[in-house]
Amino acid sequence: MIVADGLGDAEREDVSILDVGKPKGRLDRMTGVTRQVLRRAVELDADIYHLHDPELLPAALSLKRRSKHVIFDAHEDLPQQIMAKTYLPPIVRRPISTSAAIFERFACRRLDAVVAATPVIKEKFAAFGIRTVDINNYPLEGELEASTSWREKKSEVCYVGGISAARGIKEIVRAMELSNSPARLNLVGSFSEGRLKSEVEEYPGWTKINELGFLSRAEIRQVLDQSVAGLCTLLATPNHIESRPIKMFEYMSAGLPVIASNFPLWRDIVKGDDCGLCVDPLNPSAIAEAIDHFVNNPEIARRMGENGRRAITEKYNWKAEEKKLLALYEEISAKG
């Protein structure tokens, strides 16, 4: 695994982690870091290269020129993602998005396959005649399963993942201000913008936040273990509406009811398995009411949490997805 986090090389659970150094900024991430990643990748002389970041597509083409097998993992719809970038001036978003779409299509047609994070993304690439497999990022069954009884849990809810305005942090902190229960929020993850963090720290609801930062998987399990519900109230960007966010399924895997955005796809999952509540992600009052509902009704929270865990066991787990991924690797390896 080649990364750019500045933490150095490591060996973890039989995985070799090779670090090329933390980028100095967005431009360095797209230029200097990409060159360093490509250099380390060539040195490895691997059988298959599976790339997860769109800025690595030039590296993917370079590897193909070396007759290597290369897969691109499309986590999101890149052109739509660019349109939602608030740090880009509105006047340049569409030209950049259009250029990215053209280059993405050009590059991926020359690769061995694309792994799509959702069926919608799969359909987009398949329409261009690109070999595409949709592999959902579902959790490992049992990895985050709780050990604490509901009687021992605290009056806490949690949010785990990247923290940004598009992921609803402003509305979540405002919801904590409006909450009438003794609830506190365990906030796990890193802010994408320092200015955003400074802004929400000024909200009255911030006094009810346990800011925990970036945590290991074992530490995340402990946070989930002491919480009574998990929040996944992302805002309605095109990529979010059709996504299947891993955090929602991880909450379910841990036996927590979810408080999720009321997008049709998410509502079908949450309501279909009776494992939480769906709310308007732009409405802090609705989020606060859902938080209070689970804090004040632990038996309902427990029952819905058990429903979610059952759904993970029956259908939303990594076992089936792993088989699809390994089959793709074997198919590509067989090409010689």
Side-chain angles (χ1 to χ4, degrees), residues 2-5 20 22-39 41 48-66 68-137 161-167 190 192-193 196 234-246 263 265 328:
I2 304 176
V3 302
D5 59 14
V20 301
K22 191 173 183 178
K24 299 173 183 176
R26 289 193 182 99
L27 182 60
D28 184 44
R29 174 176 169 173
M30 292 184 288
T31 55
V33 167
T34 295
R35 287 193 296 270
Q36 292 299 316
V37 167
L38 176 60
R39 180 182 63 80
I48 298 175
Y49 293 87
H50 190 149
L51 308 181
H52 287 262
D53 295 306
E55 57 264 35
L56 292 177
L57 282 172
L61 293 176
S62 182
L63 289 167
K64 285 303 297 180
R65 287 193 291 272
R66 291 173 168 84
K68 299 296 185 180
H69 294 310
V70 184
I71 298 168
F72 174 59
D73 204 302
H75 298 186
E76 298 183 291
D77 187 309
L78 177 61
Q80 291 186 351
Q81 184 184 30
I82 291 171
M83 291 297 293
K85 295 293 186 184
T86 55
Y87 61 79
L88 290 174
I91 194 171
V92 303
R93 287 180 201 167
R94 188 162 297 281
I96 293 176
S97 174
T98 300
S99 299
I102 293 171
F103 179 69
E104 180 185 54
R105 185 162 61 247
F106 169 83
C108 289
R109 279 176 167 166
R110 285 153 178 80
L111 305 183
D112 294 271
V114 168
V115 166
T118 69
V120 172
I121 296 176
K122 175 187 175 180
E123 291 171 8
K124 184 189 85 168
F125 284 99
F128 301 136
I130 298 169
R131 172 78 172 99
T132 312
V133 178
D134 63 308
I135 297 177
N136 296 287
N137 193 16
I163 304 171
S164 68
R167 291 181 172 91
S190 302
S192 59
E193 301 173 59
L196 175 64
L234 280 59
L235 304 191
T237 66
N239 272 322
H240 290 164
I241 290 173
E242 297 295 341
S243 70
R244 295 173 185 242
I246 181 63
F263 308 148
L265 176 60
L328 177 63

How long is the straight-line distance from CG of Leu63 back to CD1 of Ile48, given to the nearest 0.5 Å?
12.5 Å
Which atom names give the shortest non-hydrogen contact between Ala59 and Leu38, and what distance separates them?
O-CD1, 3.8 Å
Quick one: pull up CG in Asp53 and CZ in Phe72 and give me the separation to the nearest 0.5 Å.
8.0 Å
Nearest non-hydrogen partners of Ile82 and Arg93, listed with the distance
CG2-O, 3.9 Å
Does some side-chain heavy atom of Leu57 sit less than 4.5 Å from a side-chain heavy atom of Phe106?
no
Are Pro54 and Glu104 close enough that some pair of their side-chain heavy atoms sits under 4.5 Å apart?
no
Working to the nearest 0.5 Å, report the span between OG1 of Thr118 and CG of Asn136.
8.0 Å
Scanning both residues in full, the closest heavy-atom pair of Ala165 with Leu235 reads O-CD1, 3.3 Å
Side-chain touch Leu111/Tyr49, heavy atoms, less than 4.5 angstrom
no
For Arg110, check salt bridge (Lys or Arg N to Asp or Glu O under 4.0 Å) against everything at least two apart and list the hits.
none
Scanning both residues in full, the closest heavy-atom pair of Val70 with Ala60 reads CG1-CB, 3.8 Å
Can you confirm whether Arg105 sits close enough to Pro79 that some side-chain heavy atom of one is under 4.5 Å from a side-chain heavy atom of the other?
no
In sequence, state the C-alpha distance, the side-chain angles, and the governing distance for Arg66 and Ser62, and then conclude on side chain to side chain donor-acceptor pair (under 3.5 Å).
CA-CA 7 Å; Arg66 291 173 168 84; Ser62 182; 2.5 Å; yes
Gap between atom NZ of Lys122 and atom CD1 of Ile130 - 0.5 Å precision
13.5 Å
Mind listing the closest non-hydrogen atom pair of Ala116 and Thr132 along with its distance?
CB-CG2, 4.0 Å
Could you tell me if the side chain of Ile241 sits less than 4.5 Å from the side chain of Leu265, heavy atoms only?
no
Report yes if the side chains of Arg167 and Leu234 come closer than 4.5 Å at any heavy-atom pair, otherwise no.
yes
Separation between CD (Glu193) and CD1 (Ile163), nearest 0.5 Å, reads 12.0 Å
OG1 of Thr237 to CZ of Phe263, rounded to nearest 0.5 Å, is 7.0 Å
Considering residues, nucleotides and ligands other than Arg39, do more than 12 of their heavy atoms fall under 6.0 Å from its CZ?
yes
Side chain to side chain, Thr34 and Leu56, heavy atoms closer than 4.5 Å
yes
Salt bridge (Lys or Arg N to Asp or Glu O under 4.0 Å) partner of Asp112, chosen from Lys64, Lys68, Arg131:
Lys64
So do the side chains of Phe125 and Cys108 get within less than 4.5 Å of each other, counting heavy atoms only?
yes
Take the angle between the ring planes of His50 and His52 and call it parallel below 30°, perpendicular above 60°, tilted in between.
parallel
Using only atom types and a distance under 3.5 Å, with no angle test, would you say the side chain of Ser243 pairs donor to acceptor with the backbone of His240?
yes
